[in-house]
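Numbered from 1 within each chain, the chains take letters A, B, ... in sequence-line order. The shown structure was predicted, so the numbers you read here are calculated from the model rather than taken from an experiment.
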Protein chains: 2
Amino acid sequence: MTSSPEFKVERLTVAGSLTDRVCEALVQLISGEDFPPGSRLPSEMKMASRFGVSRTVIREAISRLKSEGLVESRQGSGVFVREENMDAPFRIDPNIMDSIQSVLQVVELRKVLEGEIAGLAAKRRSREQMAAIRQALKQIDTDVAAGSDGVDADIAFHRCIAEATGNPHFLALIQFLFNFLRNATQTTRGIEATRATLTQQVKDEHRAIVEAISHQDSTAARAAARLHMDRASRRLGTADIKLLQSASTAANLTPSTV
Amino acid sequence: MTSSPEFKVERLTVAGSLTDRVCEALVQLISGEDFPPGSRLPSEMKMASRFGVSRTVIREAISRLKSEGLVESRQGSGVFVREENMDAPFRIDPNIMDSIQSVLQVVELRKVLEGEIAGLAAKRRSREQMAAIRQALKQIDTDVAAGSDGVDADIAFHRCIAEATGNPHFLALIQFLFNFLRNATQTTRGIEATRATLTQQVKDEHRAIVEAISHQDSTAARAAARLHMDRASRRLGTADIKLLQSASTAANLTPSTV
DNA sequence: GATGTAATCTTGTACGACAACTATAGCCGT
DNA sequence: ACGGCTATAGTTGTCGTACAAGATTACATC
C-alpha cells in the first residue's frame with residue numbers, strides 16, 4: 001500500500017459550519033461500507049488533511065458522533081465505529097416540522113396508538129386507574145375554567161389512559177409524540193385556540209372514551225379514541241393549515257434569525 | 001454587578017474525560033434553574049476559566065450539547081439554551097433489557113403497531129408496494145434456504161409493509177423497535193433458533209398477512225398481523241424465557257466486559 | 001524465543017492567534 | 001432631541017503548535 005486513500009472524500013455539503021459538514025460526511029461514510037462496525041477510522045490528523053480542515057473541526061465532529069453513540073474513541077489507539085447502534089433512539093427529524101403533511105402523519109401515528117391504548121386500557125384498567133382517568137377528565141374543565149388553555153390537562157388525561165394499559169412504553173411513546181406535536185404547533189398558537197373554541201365537542205369525545213373504558217368495552221374505547229384523533233387531525237388540517245404553512249415558509253426565509 | 005459569579009461551578013464528576021465531566025456539569029446547569037430556556041450561557045472563555053479547563057474542552061462539550069439539541073450557538077452572539085427539549089428522543093431504557101417482562105411489553109407495543117400498519121397498508125398499498133412485499137416474503141425463504149437465520153429478511157418484510165402505509169414515521173418507529181428487540185435478544189441467539197424451527201408456522205402467518213393486504217382487506221390484515229405478533233410473543237414467553245433470564249443475569253455480572 | 005524497553009503513533013488538553021460575525025455605545029447629521 | 005451610521009469591543013468559528021497520556025509496534029537484550 002503505497003498511498004491508497006483510506007477513504008474517498010465526499011463532497012462536503014454547502015450549508016452549515018465546517019463541523020456540521022464534516023459531521024455529516026463522516027456519518028455518511030460510517031453508514032456506508034467504508035467503515036464497518038468495529039473498524040478504526042483514520043487518525044484525526046489524516047482526516048484533517050483529507051477534508052482540508054483543522055484538527056479542531058475534526059475533533060468537534062468526532063465529539064458529536066461520540067455523543068450520538070456512533071463512534072467510540074480510545075486514547076492512544078484511535079476512534080472506532082461502535083458495534084451496534086442499539087441505542088439509536090427514535091426521533092423525528094426536527095426539520096420536517098415545516099411540513100404540515102408530516103405533522104399530520106405524526107398525528108396519524110398518535111391516532112393509531114391512542115386507539116389501541118384506549119382498547120387495552122378498557123381491558124386492564126384497575127379501579128384506581130379508572131378513578132384517576134375520571135379525575136383527569138374533570139381537571140380539564142377545572143383548568144379551562146381557570147383560564148388555562150387546557151393543553152396540559154388534556155395531555156395528563158391521555159397519559160392517565162396510557163398508564164392504565166400497564167405497559168409503560170405506551171406512556172413513554174405518546175409522551176414523546178405530545179412533545180413533538182406541541183413544539184410543532186406552538187409556533188402558531190393556532191391549535192390551542194382551536195381547541196379552546198371546540199371545547200364542547202372535545203368534551204363529548206373525551207366522555208365517550210371514558211365511558212367505554214369504564215364499561216371495559218375495548219372495541220368502543222378504541223373506536224372512540226380513533227374518532228377523537230380523527231377529528232383532531234381534521235381540526236388541524238382545515239383551520240390551522242394556512243397558519244402553519246405561512247409560519248413554516250417564514251421560518252425558511254429566516255433560518256436562524258429567531 | 002461587580003463580580004457576581006454567573007453560575008456556580010458544580011463539582012465535576014470524578015470519572016471520564018474532561019469533556020465528559022464538563023458536558024455533564026453543563027447539562028445539570030441547564031436542567032436546573034441556572035439557565036432557563038432562551039437564556040445565554042457565559043462565553044467560552046469565562047466557562048473555561050470557571051471550570052479550570054481550556055477553551056478546547058468547553059467547545060467540545062458545547063459541540064455535544066448542540067448535537068443533542070440542548071443548546072444552539074450563534075456566531076458573534078453566544079450560546080443559547082434551546083426553548084424546548086422537543087428533541088427529547090423516544091428511547092427505551094437499556095437497563096430494562098434484563099427483564100423478560102419488559103421485552104414482552106415492547107413486543108406488545110410492536111404488536112399494536114404491526115396490526116395497524118398492516119391495516120393501513122391494506123388500504124393504501126400501491127401495486128408496486130404490493131410487489132415489493134411479495135418479493136420480500138420470497139426473500140425470507142431464499143435466505144433461509146441459503147443458511148441464513150432469516151432475521152434480516154424478516155425485518156425487511158415488515159419494513160416493506162410499513163412503507164406501504166405511506167407514513168414514514170411508522171417505518172422509523174418499527175425499525176427502532178426491531179433494533180431494540182434484536183439487541184435485547186441477540187445475547188442468547190435463542191430467538192432466532194426458535195424462529196428457525198417454527199418456520200412453517202411463521203410462513204403461514206406471513207402469507208395470511210400478505211393475502212389480506214393483497215385483497216385490500218384491512219380488517220383481516222390487522223387481525224393476521226396481530227395474530228402473528230401474539231404467537232411471536234408466546235414463542236418468546238415460553239421457550240426462551242430461561243435463556244434470556246440467565247443471559248441477563250450473566251450480563252449484569254459483566255457490565256462492560258464485552 | 002521470551003521479555004523488557006524504547007520509539008512511534010494516537011487521542012486528550014492547553015494556549016495563542018486571527019477571521020467572521022454581532023451587539024452595543026457613541027458620534028454625527030438633521 | 002432623535003434617527004441613522006460607524007467604531008469598537010465581545011463572541012463564536014477556525015487554524016496552528018505544542019505537549020501530556022495512553023497504546024501499539026519494533027527492537028534490542030537475554
In whole angstroms, how far is the C1' atom of C/dA14 from the CD atom of A/Gln75? 14 Å
For B/Met45 and C/dG16, what is the distance between atoms CE and C1' respectively, to the nearest whole Å? 10 Å
Mind calculating the distance between CZ (B/Arg74) and P (D/dT11) to the nearest angstrom? 15 Å
To the nearest 0.5 angstrom, please state how far the CG atom of B/Leu41 sits from the CG atom of B/Leu29. 9.0 Å
To the nearest angstrom, the CD-P distance between B/Glu72 and D/dT11 comes to 18 Å
Evaluate the side chain to side chain contact (heavy atoms under 4.5 Å, CB included) criterion for residues A/Arg21 and A/Val53: first the C-alpha distance (whole Å), next the side-chain angles of each, then the deciding distance (0.1 Å), finally the verdict. CA-CA 11 Å; A/Arg21 299 185 234 175; A/Val53 299; over 6 Å; no
Atom-to-atom span, CD of A/Glu44 to P of D/dC15 - whole angstrom: 14 Å
So, taking the atom named CG in A/Leu109 and the one named CG in A/Leu104, what distance separates them when rounded to the nearest 0.5 Å? 12.5 Å
Touch class at under 4.0 angstrom, heavy-atom based, for B/Thr56 against every strand present: base
Has A/Ser77 got a side-chain N or O lying under 4.0 Å from the OP1 or OP2 atom of D/dG22? no
Result block: side-chain N/O donor-acceptor pairs under 3.5 angstrom for residues 58-66 of chain B, not counting sequence neighbours:
| from | atom 1 | to | atom 2 | distance (Å) |
| --- | --- | --- | --- | --- |
| B/Arg59 | NE | A/Glu60 | OE2 | 2.7 |
| B/Arg59 | NH1 | B/Glu44 | OE1 | 3.3 |
| B/Arg59 | NH1 | B/Glu44 | OE2 | 2.9 |
| B/Arg59 | NH2 | A/Glu60 | OE2 | 3.3 |
| B/Glu60 | OE1 | A/Arg59 | NH2 | 3.4 |
| B/Glu60 | OE2 | A/Arg59 | NE | 2.7 |
| B/Glu60 | OE2 | A/Arg59 | NH2 | 3.3 |
| B/Ser63 | OG | A/Glu60 | O | 3.2 |
| B/Ser63 | OG | A/Arg64 | NE | 3.2 |
| B/Arg64 | NE | A/Ser63 | OG | 3.2 |
| B/Arg64 | NH1 | B/Asp20 | OD1 | 2.6 |
| B/Arg64 | NH2 | B/Asp20 | OD1 | 3.0 |
| B/Lys66 | NZ | B/Ser73 | OG | 3.2 |

How long is the line joining NZ of A/Lys46 and P of C/dT8, in whole Å? 16 Å
Can you measure A/Leu41 atom CG to C/dT11 atom P for me and round it to whole angstrom units? 8 Å
For A/Gly52 and B/Val79, take the nucleotide of DNA chain D holding the closest heavy atom to each; which residue's nucleotide lies nearer the 5' end? B/Val79
Within the structure, does a side-chain N or O atom of A/Ser54 lie under 4.0 Å from either OP1 or OP2 of D/dC15? yes
Measuring from atom OG1 of B/Thr165 to atom CD1 of B/Ile174, what distance do you get when rounded to the nearest 0.5 angstrom? 8.5 Å
Tell me which residues in residues 57-66 of chain B put a heavy atom below 4.0 Å from DNA chain C, sorted by number, or none. B/Val57
When you get a sec, tell me which of D/dT11, C/dT13, C/dT11 is the closest nucleotide to the side chain of B/Leu18? C/dT13
Give the rounded distance in Å between these two atoms: CZ of A/Phe51 and C1' of D/dC15. 17 Å
Under 4.0 Å, heavy atoms only, any strand: does A/Arg55 hit a base, just the sugar-phosphate, or nothing? base
Hey, could you give me the CG/CZ distance between A/Leu26 and A/Phe35, rounded to the nearest 0.5 Å? 8.5 Å
Proximity to the side chain of B/Arg40 - top-ranked nucleotide from D/dG13, C/dG12, D/dT11: D/dT11
Measure the spacing between CG of B/Asp143 and CG of B/Asp154 and express it to the nearest 0.5 Å. 10.5 Å
